[in-house]
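Sequence lines set the chain letters: A, B, ... in the order given, protein chains first and strands last, and positions in each chain run from 1.
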Amino acid sequence: MEENLVIVESPAKAKTIEKFLGNNYLVKSSFGHIRDLDKKDFGVDLNNRYEPNYIVSEDKKKVVADLKKIAKTAKTVWIASDEDREGEAIAWHLMEVLKLDPKTTKRIVFHEITKDAIQHAIEHPRRLNKALVDAQQARRILDRLVGFEISPVLWKKVKPSLSAGRVQSVAVRLIVEREREITNTDTVPFFRVNALFIVPEKSGKSTILKAECSERFAKEEDANLFLQKCSKAEFVIGDIVTKPAKKSPAPPFTTSTLQQEASRKMGFPVSLTMSVAQRLYESGRITYMRTDSVNLSQTALNGAKKKILETYGDRYVKIRHYKTNSKGAQEAHEAIRPTDFFQEEIEGTSQEQKLYSLIWKRTLASQMADAEIERTNVTINISTAAERFLATGEVLKFDGFLGVYLESSDEENLTDEEKGLLPPLKVHQRLDVESILAQQRFTQKPPRYTEASLVKKLEELGIGRPSTYAPTITTIQQRDYVVKEDRQGTERQYVQMLLKSGNIKREEKTEIIGTEKAKLFPTDIGLVVNDFLTKHFEPIVDFNFTASVEKQFDEIAEGNIVWQEMIDEFYLPFHRLIEDALANSERARGERPLGIDPTSGKAVSAKIGRFGPFIQIGETSEEGSEKPVFASLQQGQSIETITLEQALRLFDLPREVGDFEEKKVIIGIGKFGPYVKHDSNFVSLKKGVDDPYTIPLSRAIELILEKREKVSNSLLKTFPEDPEIRVLQGRWGPYIAYKKQNFKLNKGINPEQLTYLTCKEVIDAELKKPKQKKT
DNA sequence: CAGTGAGCGAGCTTCCGCTTGACTT
């Protein structure tokens, strides 16, 4: 029998702590919350002061039973859940469910997992903070009321199985509004002028100095006029100013900043970052990965200092204490940092190594000296014009933290060229010009969100918590409100004028713009749901809603308000919105009239149906008239932006291009892009080569034959016993195909030696397995 | 990798935050 039972939230933490405590301490984990509101009947009694009905979920029953058993025999139970609102609630639920005696139960907290911190905690137990628990209950119940009252309205008025919530609905709103901002922003053209000057050096060689004109020109004529002036001008250096500048390191990682940097530097989706970090945490490489704190423990600071001293020297050390400035931070943990600074690299998968290295560098850099820079600005006067040319050079005087780590930024600044060392220059020095280029540029549209930049925005608004950023991003994609995709750019024409040897040469050029990679786009259903919510539930999807209820939760935690009163104040007006929406709203289908079809004279409109967005020509209601015709929208198209012309084009496909071997050849566009269908076989059209609207029969046949040859080449084996069983060569090796189903072969099997019996066994074994869940 | 887009109605869907595996590909 153990004298002492310590309960923490995470099993990895339990393992570490057990090492610090003596033999008579048993450390167990609750695996987070042990119970939650019942999903049946709301889990909240609206007729009885919002009395919550908590139940222990199926997957927690074993944990609870286990803890109960040990707690019964322990002399003292120490509840060491986190020191924040959720942690305090976990402590309270534990007391309730395990029926712990307050006399033999102690509540302790620590922010860092070191022997001293834990010893100190044991020596300073405190009482359960019921006000803080109540703040959590209010948070929990409010979220339940919002989610479980609005979602059913959506099922009725938009589509079944949809969802709304305090966090997810705002996340979707951000993406929808950004998309509309992008559609509504006009890009304004202007001309930017860059000059290349020749600077002779003592050695006789010369170097090129690049400088940008202080003015940008709105019109081509103005830019041209400026170039004409320059063709007859003298260029003289008017001013050289040298100023010291400093760069400081970024603070240590929190969950949100780790997700951002892993996305920017390595292209990780936020969920990947979290699962890799989880493995690093479980193997003891890093501290806890779900945190909003930038704080480092004294142990960590000592370790970082020692490592920096040893590797870089005294001048590079600068111990810093960072303060969090994110809204609603609860700081129950340390920042994310390596547990051992002398472990510069680790073994593991390449993802683990990369993420660890990122954490190691960022943490170490945070305790290093500023980088010192000398920035030089040179002004070059033009004898024939009032404008000037400006050149900037940067010299790194002392690298400081830069030797280890530099934070990346979301907005890639295309105009910011590598600034380097300037050639030696003097005031009043005359410069010869090599060439001057006036290029048409365009103002930029706002950028689309990536998963990580959306997390950043949510954190700024104080919406969501470290443990929910990644799941929220997944949810809004699963609900089909948002898609993460790549989009091809479009061509744009621009003008450039080059002044060289007294002549101006004008050229029209093209560039590709708007190429997107792994960006978040709203879907039509996302747009419709968002508009419905902003129309009927504006207070809930308001960007400040979370911040304002958080203030009230704080009041509850301070003991200034009773939680039921706060919920009452929220719920009464909220529930009126629900009733109003149910009674007074139309079914939302996102309908948008596009115009009149010139061939039939009927109205064309876009709307959402049971199977997604589609175009309809003609009306359903007209009696005796012909039935309307329908066509689904393609990937990347949206009800909101599709034109009449694009919509009518959708009806051109699928089209028959002729017969081949007495069977129809049909061209269409499916889930995976344009295809040729023949004899119920499909062949994809070649991207960038074949156009589904114009492809001729001859080319389609070519593709069919090509595919046929490929298939016959991939056929490894058949059996006379059952011709439906075929062994094929696939992308990842040989596999068995049988009745439209594929069966995996174990690695290392030689397909040549496969027999009919072994194939049959593989198939039967697979078919016997329980059927996979529908997603 | 179709073509669908009506209506009836049983029974289901749904929230946020705290934690890990157990699943399949």
Side-chain angles (χ1 to χ4, degrees), chain A residues 8-14 29-37 39 42-44 57 59-60 63 81-82 84-91 93 136 139-156 159-169 274-275 278-279 281-282 288-290 330 332 463-472 475 478-479 540 546 589 605 607-616 618 620 627-632 635 653-654 666-677 680-685 732 742 744 769-770 772-773 775:
Chain A
V8 296
E9 290 177 36
S10 140
K13 199 171 174 179
S29 158
S30 75
F31 294 83
H33 275 295
I34 53 161
R35 61 175 186 175
D36 190 16
L37 296 175
K39 284 196 174 193
F42 254 66
V44 179
S57 69
D59 56 328
K60 286 291 164 66
V63 177
S81 49
D82 297 343
D84 55 13
R85 198 163 67 201
E86 297 296 327
E88 203 67 12
I90 288 175
H93 284 301
Q136 193 274 347
R139 197 280 304 156
R140 179 67 193 90
I141 288 163
L142 181 133
D143 282 335
R144 168 57 62 87
L145 293 173
V146 168
F148 275 37
E149 290 214 349
I150 300 183
S151 299
V153 178
L154 293 178
W155 305 343
K156 263 193 123 150
K159 214 176 114 169
S161 303
L162 296 176
S163 66
R166 176 177 56 83
V167 174
Q168 57 167 287
S169 297
M274 293 315 282
S275 66
Q278 174 88 31
R279 290 203 297 275
Y281 167 65
E282 281 168 7
Y288 197 55
M289 65 284 158
R290 290 188 275 263
Q330 307 205 4
I463 298 172
R465 304 277 313 129
S467 66
T468 61
Y469 295 136
T472 300
T475 301
Q478 267 173 0
R479 294 272 173 279
I540 307 301
T546 292
R589 307 188 66 187
S605 63
K607 61 179 99 169
I608 290 198
R610 282 196 290 156
F611 313 104
F614 68 101
I615 302 293
Q616 176 177 334
T620 346
K627 266 186 158 183
V629 284
F630 307 100
S632 290
Q635 212 197 358
L653 292 178
I666 292 162
I667 310 293
I669 295 184
K671 237 199 259 178
F672 310 122
Y675 63 86
V676 182
K677 186 184 167 194
S680 65
N681 285 316
F682 292 86
V683 192
S684 288
L685 299 195
W732 296 287
N742 293 341
K744 209 167 54 179
K769 278 189 191 170
Q772 60 197 46
K773 279 178 264 169
T775 45

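- Side-chain atoms of A:Ser632 and base atoms of B:dT4 include a donor and an acceptor less than 3.5 Å apart.
- Comparing B:dT4, B:dG17, B:dT19 by their nearest atom to the side chain of A:Arg166 picks out B:dG17.
- When each of A:Lys677 and A:Glu86 is assigned the nucleotide of DNA chain B with its nearest heavy atom, A:Lys677 is the one assigned upstream, toward the 5' end.
- Where stacking is scored as ring centres under 5.5 Å apart with planes under 30°, A:Phe611 does not register as stacked on the base of B:dG3.
- Out of B:dG5, B:dC16, B:dT19, the shortest distance to the side chain of A:Arg610 is found at B:dG5.
- Using a 4.0 Å heavy-atom distance criterion, A:Pro11 is classed as a sugar-phosphate-only contact.
- Using modelled atom types, one finds no donor on one side chain facing an acceptor on the other under 3.5 Å when comparing A:Glu88 with A:Gln136.
- Counting non-hydrogen atoms under 4.0 angstrom, A:Ser163 reaches the backbone sugars and phosphates but no base.
- Distance CZ (A:Phe148) to C1' (B:dC16): 10 Å, rounded to an integer number of Å.
- Nucleic acid contact for A:Tyr288: sugar-phosphate only, since backbone atoms but no base atoms lie under 4.0 Å from a heavy atom of the residue.
- Residue contacts for A:Gly464: at a heavy-atom cut-off of 4.0 Å it reaches the sugar-phosphate backbone alone, with no base atom in range.
- Sequence order on DNA chain B of the closest nucleotides to A:Arg479 and A:Pro466 puts A:Arg479 first from the 5' end.
- A:Gln278 comes within 4.0 angstrom of sugar-phosphate atoms only, judged by non-hydrogen atoms across all strands, and of no base.
- Taking atom CD1 on A:Ile666 and atom C1' on B:dC1, their separation rounds to 12 Å, with Å as the unit.
- At a threshold of 4.0 angstrom between heavy atoms, the contacts of A:Gly612 include nucleobase atoms, whether or not backbone atoms are also involved.
- An aromatic stack links A:Trp155 and the base of B:dT13, using centre distance under 5.5 Å and interplanar angle under 30°.
- No contact: A:Lys607 has no heavy atom under 4.0 Å from any strand.
- Looking only at distances, no side-chain donor or acceptor of A:Glu282 sits under 3.5 Å from a matching main-chain atom of A:Ala12.
- The gap from the P atom of B:dG7 to that of B:dG11 amounts to 23 Å, rounded to the nearest Å.
- The OG atom of A:Ser605 sits 5.0 Å away from the CD atom of A:Gln616 when rounded to the nearest 0.5 Å.
- Nucleotide B:dG17 holds its P atom 15 Å from the NE2 atom of A:His93, rounded to whole Å.
- Within the nucleic acid shown, A:Gly32 comes within 4.0 Å of at least one base atom, counting heavy atoms only.
- Contact annotation for A:Leu162: backbone-only contact, meaning every heavy-atom pair under 4.0 Å involves sugar-phosphate atoms and none involves a base.
- Backbone-only contact: A:Ala164 has heavy atoms under 4.0 Å from sugar-phosphate atoms and none from a base.
- Contacts of A:Gln616 with the nucleic acid, taken as non-hydrogen atoms under 4.0 Å apart, are absent.
- The base of B:dC16 lies outside donor-acceptor range of the side chain of A:Arg465, with no N or O pair under 3.5 Å.
- Atom NZ in A:Lys39 sits roughly 9 Å away from atom C1' in B:dC15 (whole-Å rounding).
- Picking from B:dT19, B:dC15, B:dT20 the nucleotide with the shortest atom distance to the side chain of A:Tyr281 gives B:dT20.
- In this structure, A:Lys159 places its NZ atom 15 Å from C1' of B:dC12, rounding to the nearest Å.
- With A:Lys60 contributing its side chain and A:His33 its backbone, the two residues share a donor-acceptor pair below 3.5 Å.
- Nucleic acid contact for A:Asp59: none, since no nucleic acid atom lies under 4.0 Å from a heavy atom of the residue.
- With respect to A:Asp82 and A:Arg290, no salt bridge is recorded, no charged nitrogen being found less than 4.0 Å from a carboxylate O.
- Put simply, A:Arg279 has no side-chain N or O that comes within less than 4.0 Å of OP1 or OP2 on B:dG21.
- Relative to the side chain of A:Arg139, the nucleotides B:dG17, B:dG5, B:dT19 differ in distance, and B:dG17 lies closest.
- At a threshold of 4.0 angstrom between heavy atoms, the contacts of A:Thr468 include nucleobase atoms, whether or not backbone atoms are also involved.
- Counting non-hydrogen atoms under 4.0 angstrom, A:Val167 reaches the backbone sugars and phosphates but no base.
- Partner A:Leu162 forms a side-chain contact (heavy atoms from CB on, under 4.5 Å) with one of A:Val153, A:Leu154, A:Ile150 and no other, that one being A:Leu154.
- When rounded to the nearest whole Å, the span between CZ of A:Arg589 and C1' of B:dA6 equals 11 Å.
- Here, B:dG21 and B:dT25 have their P atoms 22 Å apart, quoted to the whole Å.
- In this structure, the CD1 atom of A:Ile90 is 7 Å from the P atom of B:dT19, given to the nearest Å.
- Side chain to side chain, A:Arg166 and A:Thr546 meet the donor-acceptor criterion of an N or O pair below 3.5 Å.
- Salt bridge A:Glu86/A:Arg139: present, at least one basic N to carboxylate O contact under 4.0 Å.
- For B:dC18, the OP1/OP2 oxygens have a side-chain nitrogen or oxygen of A:Ser467 closer than 4.0 Å.
- Spacing between atom CD of A:Gln136 and atom C1' of B:dC15 amounts to 13 Å, rounded to whole angstrom units.
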